[in-house]
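Worksheet for the structure shown next.
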Amino acid sequence: MLPIQSSISAYAKVDPLGRRNTPDNLKHAFQEILTKRESAPNTSDKQFLRSLNSEEMDTIKAYNHQSSRSINIDNLSDEGAHNLIAAPGDLKDLNNDGLVTVGEANMEVFPPPGQPDGVYVAWLALSPEAQKNIRHEADLKWTLANMGMWDKDLGINKNYNKNYQTIFNQPGVSFSGFVDQLMTQRIQQNNIAASDNFQNIMDDLTHFKNELIKHKL
């Protein structure tokens, strides 16, 4: 279990769930829960959650931006339970579907967890605007890969039983190769509907790829 402030994990510095501006008192309260979790290594995440009092559960909800949600532990997947009590550098996509489940909420997180540190170091070399553009491209690629989940009238198709398909960790495809796929996708989308931001996005993707190549990724 990683501490909230990590000088080791590059992924923690990426701040994948936007926790950087969390108030210090809430960070401290959550850190106490992480410390308590470390002292119970033989307890599952769900068992640990059941052992917490209402104040500690409120801390977990607030830290994960889920204050308006009730946490029904019986409804949680192993991944959802783990990520509720995970430090930013310890998020996991346990079922490898390309989403990060926190509680019962599925989130498209980019860069995804579980990558070599060089991916995150390369990402941190980009501007916030470049990161935003590339995240949009990755989100689009995941959505296009999982079109069966959508119903044109109802939104998410509740009868869609196919497992979500990850777009990451493809056999034989490096992370810079994945960025190549995003560039091809952007060219194809631009051929369908030209975007004023096309060249900026291509430049951002090229920058990211070059940073990845520095790390032999």
Side-chain angles (χ1 to χ4, degrees), residues 1-117 119-120 123-124 128 131-132 135 138-139 142-143 146 149 155-156 158 163-164 166-169:
M1 202 70 66
L2 297 175
I4 293 175
Q5 300 296 334
S6 174
S7 60
I8 300 175
S9 171
Y11 194 48
K13 297 177 183 177
V14 169
D15 191 31
L17 297 183
R19 291 164 166 166
R20 183 170 290 120
N21 296 322
T22 301
D24 287 343
N25 64 328
L26 182 54
K27 286 182 181 180
H28 179 73
F30 189 74
Q31 183 66 68
E32 289 185 340
I33 293 172
L34 291 186
T35 301
K36 187 175 180 179
R37 178 71 185 98
E38 288 176 348
S39 68
N42 297 321
T43 301
S44 72
D45 293 314
K46 289 185 183 180
Q47 289 172 330
F48 177 74
L49 285 168
R50 288 192 176 95
S51 74
L52 300 180
N53 60 40
S54 60
E55 183 177 352
E56 290 168 324
M57 291 299 289
D58 285 344
T59 294
I60 287 173
K61 289 194 292 183
Y63 186 75
N64 288 289
H65 309 299
Q66 298 191 16
S67 294
S68 63
R69 295 172 177 262
S70 60
I71 297 177
N72 186 331
I73 297 172
D74 291 332
N75 289 345
L76 298 180
S77 65
D78 290 343
E79 180 179 323
H82 170 84
N83 289 330
L84 273 177
I85 47 177
D90 194 31
L91 293 175
K92 297 186 185 302
D93 176 10
L94 294 177
N95 62 356
N96 194 35
D97 64 356
L99 300 174
V100 172
T101 303
V102 182
E104 294 185 59
N106 290 324
M107 302 181 183
E108 295 180 55
V109 174
F110 190 87
Q115 304 301 315
D117 271 1
V119 170
Y120 309 124
W123 181 254
L124 292 168
Q131 292 177 352
K132 177 181 176 182
R135 276 197 176 109
D139 290 351
W142 188 91
T143 300
N146 293 278
M149 67 180 284
I156 292 180
K158 294 182 179 179
N163 291 330
Y164 293 137
T166 185
I167 56 175
F168 309 116
N169 305 321

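- Of the inter-residue distances, the one linking Ile60 atom CD1 with Met57 atom CE reads 5.5 Å to the nearest 0.5 angstrom.
- Listed here is the closest heavy atom pair of Val119 and Pro111: CG1-CB, 4.1 Å.
- Contact check for Asn53 versus Glu56: side-chain heavy atoms found under the 4.5 Å cut-off.
- Between Asn95 and Glu79, the closest heavy-atom pair is OD1-OE1, 3.0 Å.
- Annotation for Lys36: atom NZ counts as buried by contact number, over 12 foreign heavy atoms lying within 6.0 Å.
- Counting heavy atoms from C-beta on, the side chains of Leu76 and Leu84 come closer than 4.5 Å.
- Under a 3.5 Å cut-off, the side chain of Asp93 and the backbone N or O of Asn96 do form a donor-acceptor pair.
- Residues Glu104 and Asn72 form a side-chain contact, since some pair of their non-hydrogen atoms from C-beta on lies under 4.5 Å apart.
- The main-chain N or O of Lys92 is found under 3.5 Å from a side-chain atom of Asn83 such that the two form a donor-acceptor pair.
- With rounding to the nearest 0.5 angstrom, the NZ atom of Lys61 is 6.0 Å from the CD1 atom of Ile71.
- Inter-residue side-chain proximity for Gln47 and Asn42 is flagged as unmet; no heavy-atom pair is nearer than 4.5 Å.
- A side-chain donor-acceptor contact under 3.5 Å links Arg37 to the backbone of Thr43.
- Side chains of Thr101 and Asn106: a donor-acceptor N/O pair is present below 3.5 angstrom, by distance only.
- Between Thr59 and Leu26, some side-chain heavy-atom pair lies under the 4.5 Å cut-off.
- Of the candidates Tyr120, Trp142, Trp123, Trp123 is the only one forming a ring pair (Phe, Tyr, Trp, His ring centres under 6.0 Å) with Phe110.
- How far CD1 of Ile85 is from CD1 of Ile33: 9.0 Å, rounded to the nearest 0.5 Å.
- One distance of note links CG of Leu91 with CE of Met107; it measures 9.0 Å at 0.5 Å rounding.
- Residues Gly80 and Ser77 share a closest heavy-atom pair of N-OG, 2.9 Å.
- Of all the heavy atoms in Leu124 and Gln131, the pair that sits closest is CA-NE2, 4.1 Å.
- With contacts defined as side-chain heavy-atom distances shorter than 4.5 Å, the pair His82/Asp78 does not qualify.
- Note that CZ of Phe30 and CG of Asn25 are 14.0 Å apart. Values are rounded to the nearest 0.5 Å.
- Nearest heavy atoms, Asn169 versus Gln115: OD1-NE2, 3.1 Å.
- When side chains are defined from C-beta on, Val100 counts as touching Pro113, because their heavy atoms get closer than 4.5 Å.
- In this structure the side chain of Thr143 reaches within 4.5 angstrom of the side chain of Glu108, judged on heavy atoms.
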